[in-house]
There are 2 protein chains.
Amino acid sequence: MAAIAQDEDWTTRFTGLSRLEPRIREVLTSRSQVIRVPADTVIFGPGKSPENMLLLLEGTVRVQQLAENGREVVLYRVTAGESCVLTTACMLAYEDYSAEGVAETDIVAAAVPRAVFDDLVSTSKEFRTFVFTAYSRRMTDLFHVIEDIAFRRMDIRLAQKIIERADTGVLKATHAQLAAELGTAREVISRQLAEFQRRGWVTLGRGTVEILDCDALRKLSES
Amino acid sequence: MAAIAQDEDWTTRFTGLSRLEPRIREVLTSRSQVIRVPADTVIFGPGKSPENMLLLLEGTVRVQQLAENGREVVLYRVTAGESCVLTTACMLAYEDYSAEGVAETDIVAAAVPRAVFDDLVSTSKEFRTFVFTAYSRRMTDLFHVIEDIAFRRMDIRLAQKIIERADTGVLKATHAQLAAELGTAREVISRQLAEFQRRGWVTLGRGTVEILDCDALRKLSES
DNA sequence: GGCCGTTATGTGACTAGATCACTGATAGGC
DNA sequence: GCCTATCAGTGATCTAGTCACATAACGGCC
């Protein structure tokens, strides 16, 4: 996670933008602004549509759906090198959505103004492909979320999530946070984790889940 | 639902395309082909990506998610005057999706070849807006589906679906079809409908649900 | 170190929903 | 009038979500 140099050509950090014609690259870098946003900032959400399309250079944005009763579910994450299409979506059209994007870490992003975005879409085939690919990927992500929620068992989903988000072998998250990830209730997570611990797959601590038997978790998550 | 005249300018049927410049309109109509597809045809799906973007002139396309265990859930419907963005999505990029689109009725659509689509996106701001609006709308639809599945009770969702799909006061659908709409099991629907009938809100027949008390259903669906 | 408010987790009882394995009912074709 | 789909009803059982709590661990602060 290298820092961004002041005049670095960050376009090369995006798969899909690497082969832009120099002229387009110039437009993109010169007419957009690199911004920094602290962790936990709400980037967009009901009643807060951003002016710009964001291209994430560093950090991750968590996009989640909120329900009236306070429960949540994570839809997808935007990581460095990806664009936040939802931003584009509400920038260009529809506003009636109930999802919000939150900076999960401190963030560095290129903010591309609406007009520049439109210009680039119309003049660069590469950029068009980049944008449409981003849309498709998100759609696909949403399909997977729907499939998971509607048809997969909680234990399987939890095992999967633990593996996915525990890079070091220890996952730092409370049961409540995991519940919000998966769109379920905290008690459900507590009980499932207790069961995993009983089987010797994990050790639980306050705010942590330590993986003992990754293979067992993986096996469950693939069943 | 008037028939399509052979050389009709169908672009006016689409909100968002009505103010196209004549040159663009000409490109769109002359370089795309009006096709007819019988009901129940799979328009796209895993392993079947179409060559063209479809603009629906008549009929509806049901887009649904399939699970391995045979269960399904309806994601959204594309109606006359809308475009099938998923088609665009898989046309332009990503292929790994598990949703499929099925002609729910006989269909008349304008098939816009990939090259023409790309041309139009780059040359017409109106067309761009049209495409992005379509994407946003679908995204929003998916958010609602997720919210429903994750957080709303089955009885509420069923009441809502009955009202939504029973234009004449009688809904023609089997319990299994309603279950596939809502992503649940047939038995769950049968029991819920039995309860609605017990309360005097509907009368059930083989393959039909007749609404007796629409207000009661609406009240439930809004709670 | 002991006190205290906050946050995190544990647990029982209950309701809703999903699954399984059936049975019974009805329409339509012959 | 019979046969065979297809459609609908039902009990038992399991998983998941809800509610109402009881404990337990941490992080200051005196």
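Lettering of chains follows the sequences in order, A, B, ..., and the numbering in each one begins at 1.
Here B/R157 lies out of heavy-atom contact (under 4.0 Å) with every strand.
Heavy atoms only, all atoms of each residue included: B/L220 and B/I156 are closest at O-CG1, 3.7 Å.
Using bins of under 30°, 30° to 60° and over 60° for the plane-to-plane angle, the ring pair B/F196/B/W201 lands in the tilted bin.
The CD atom of B/E195 sits 14 Å away from the C1' atom of C/dT15 (whole-angstrom rounding). To the nearest angstrom, C1' of D/dT18 lies 14 Å from CZ of B/F151. Between B/R152 atom CZ and D/dG17 atom P there is a gap of 17 Å when expressed in whole angstrom units. With rounding to whole Å, A/H175 atom NE2 is found 16 Å from D/dA24 atom P. Residue B/L204 contributes atom CG, which lies 11 Å from atom P of D/dT10 at whole-angstrom precision. Rounded to whole angstrom, the span from the CZ atom of A/R186 across to the C1' atom of D/dA22 amounts to 11 Å. The separation between B/Q197 atom CD and D/dG9 atom C1' is 12 Å, rounded to whole Å. Spacing between atom CE of B/M154 and atom C1' of D/dT15 amounts to 16 Å, rounded to whole angstrom units.
Distances shorter than 4.0 Å separate none of the side-chain N or O atoms of A/Q192 from OP1 or OP2 on D/dT15. Not one side-chain nitrogen or oxygen of B/T184 sits closer than 4.0 Å to the OP1 or OP2 atom of C/dG17.
If you check distances only, the side chain of B/R153 never reaches the base of D/dG17 with a donor-acceptor pair under 3.5 Å.
For B/R191, the side-chain atoms get nearest to D/dA12 when compared with the rest of C/dT7, D/dA12, D/dA16. Taking only side-chain atoms of A/A185, from C-beta outward, the nucleotide of D/dT18, C/dT9, C/dG17 with the closest atom is D/dT18. For B/S190, counting side-chain heavy atoms from C-beta on, the closest listed nucleotide (C/dG17, D/dG9, D/dG17) is D/dG9.
Atom CG of residue A/L193 and atom CG of residue A/L178 lie 6.5 Å apart, to the nearest 0.5 angstrom. Rounding to the nearest 0.5 angstrom, the gap separating the CZ atom in A/R186 from the CZ atom in A/R191 is 8.5 Å. One finds the CG atom of A/D167 at 13.0 Å from the CD1 atom of A/I163 (value rounded to the nearest 0.5 Å).
Mapping B/Q177 and B/E187 onto DNA chain D by nearest heavy atom places B/Q177 at the nucleotide closer to the 5' end. Nearest-nucleotide positions on DNA chain C for A/G205 and B/N69 put A/G205 closer to the 5' end.
Under the Watson-Crick or G-U wobble criterion, with both distances below 3.5 Å, D/dA5 is left unpaired in every strand shown. Taking a pair to require two hydrogen-bonding distances under 3.5 Å in either a Watson-Crick or a G-U wobble arrangement, C/dG10 pairs with D/dC21.
Against the 90° criterion about 0, the sugar-base torsion of D/dA5 places it in the syn range.
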